[in-house]
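Order of listing sets the numbers, starting from 1, for every ligand and every atom in it. Note that these values count all heavy atoms, side chains included, but never hydrogens, waters or copies made by symmetry.
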Amino acid sequence: MNHVTSLNCKRCERAFEPGTLINLCHCGGPIEVRYDLEHLVGWRPREGRGVWRYRPVLPIDDPSEIVSLGEGGTPLESMPTLAATLGLERLWLKEEGGNPTGSFKARGMTLAVTMARKLGAKKLAVPSAGNAAGALAAYARRAGLEAHIFMPKDVPEANRLEVIATGAHVTLVDGLITDCGKMVAERKEAEGWFDVSTLKEPYRVEGKKTMGYELFEDLGGRLPDVILYPTGGGTGLIGMWKAFDEMQRMGWIGPERPRMVSVQAEGCAPIVKAFAAGADEAPYWEDAHTCAAGLRVPKAVGDFWMLEVLRASEGRAVAVSDADLVAAVLEVGCTEGFFLSPEGAACLPALRELIADGTVRSTDEVVVFNTGSGFKYLDVLAPAIEAFAERNA
Ligand SMILES: *Cc1c(COP(=O)(O)O)cnc(C)c1O
């Protein structure tokens, strides 16, 4: 038996049956999965690797139902040269680029697709700024389900090609992820699609929360002081915070928490703006633009939830320029040898800002997330890398 007790709306608390396909609550709020953790006090993972190592705190009990491509279990690596440059004692990189389909979207999709198939869905649909498309296409194929993908026509080339290569139906849209979302919403009923958009179904967050469990195990049974997370729809930020709460209720940790830092691009920073304004929600960001495709989310279903997490953790929200985040790809490459995604690289200029203003101190243990592989952005990064090569010739 799995330990799910109920599904509840994050906004209005309304309860739903765990055994049915569900999107948003009637009130428009996202749905949260709750567990009977009192029966798991004392449990610690001892077998398996990756996302499904944490099966007792996931909604599945029969392993034969799992749709997996080998996701999670990513390395937490030290960055000693950068740490010294920044004056930090402990700086870690959670390197998510080695996941199936080259990004941490795999963690969410293994759960979403597993549950959708188990609950009877046949056709899945998603609007995506890039990597969610590749992940859905791959997991749907693995599950024997149809994938219908709507992505902006200017997504990185890798995202467009990988969905074709895994046999998905793809529509390129002259617009942003929010426009793609509208197209899915308009057609899903007539087409019989189940919508697996960020936070519009309950299980992608459950997959992403395993990053929080892994951090605890990676660090030998503690959490860091600060986590920097490149934020689009916010599933990872919300998921990790949920994991910490579950860990406390199972007796793994006390009430202490890492300070959570949301990193966004200056050209699309709705959460940063709302955080600075003390607002509970983040209005639609007009004219969103950034080369970090995963951060190009002008309006998020979970905006209020992210802001709640940032404030509860005494964290921050920081916007960085595209020039700085691209420069950081080269800086991390040339100091530590990791080839980061533009999204992950954005954490570095954000960290510099937080050190400069005293928010992060030299003794703080800091984790930055590289949410995807740099290899998915060769077309996006090529001009900056070529220019760098020329300057150094
Ligand atoms: C989707 C994505 C993000 C944003 O993740 P959320 O959890 O939706 O905030 C960051 N980086 C990359 C590489 C992504 O694909």
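- Note: no N/O pair closer than 3.5 Å links T198 and ligand 1 by distance alone.
- A tilted orientation is assigned to the rings of Y229 and F104, their planes being inclined by 30° to 60°.
- Residue-to-ligand polar distances keep G372 apart from ligand 1: every N/O pair is separated by 3.5 Å or more.
- At most 12 heavy atoms of other shown residues, nucleotides or ligands fall within 6.0 angstrom of atom CD in E47.
- Among the atoms of L295, none of the N or O lies under 3.5 angstrom from an N or O of ligand 1.
- Of the protein's heavy atoms, G233 N, 3.1 Å lies nearest to atom 8 (O) of ligand 1.
- Considering backbone and side-chain atoms alike, F104 places every N or O at 3.5 Å or more from each N or O of ligand 1.
- Nearest heavy-atom pair, I31 versus C25, reported as atom, atom and distance to 0.1 Å: CD1-N, 3.7 Å.
- Salt bridge present: R53 and E217 bring a charged side-chain N and a carboxylate O closer than 4.0 Å.
- Between the side chain of R14 and the backbone N or O of R11 there is no donor-acceptor pair closer than 3.5 Å.
- An N or O contact shorter than 3.5 Å is missing between S341 and ligand 1 by distance.
- Contacts between F369 and ligand 1 below 4.0 angstrom, taking non-hydrogen atoms only, are absent altogether.
- The main-chain N or O of K200 is never found under 3.5 Å from a side-chain atom of S197 such that the two would form a donor-acceptor pair.
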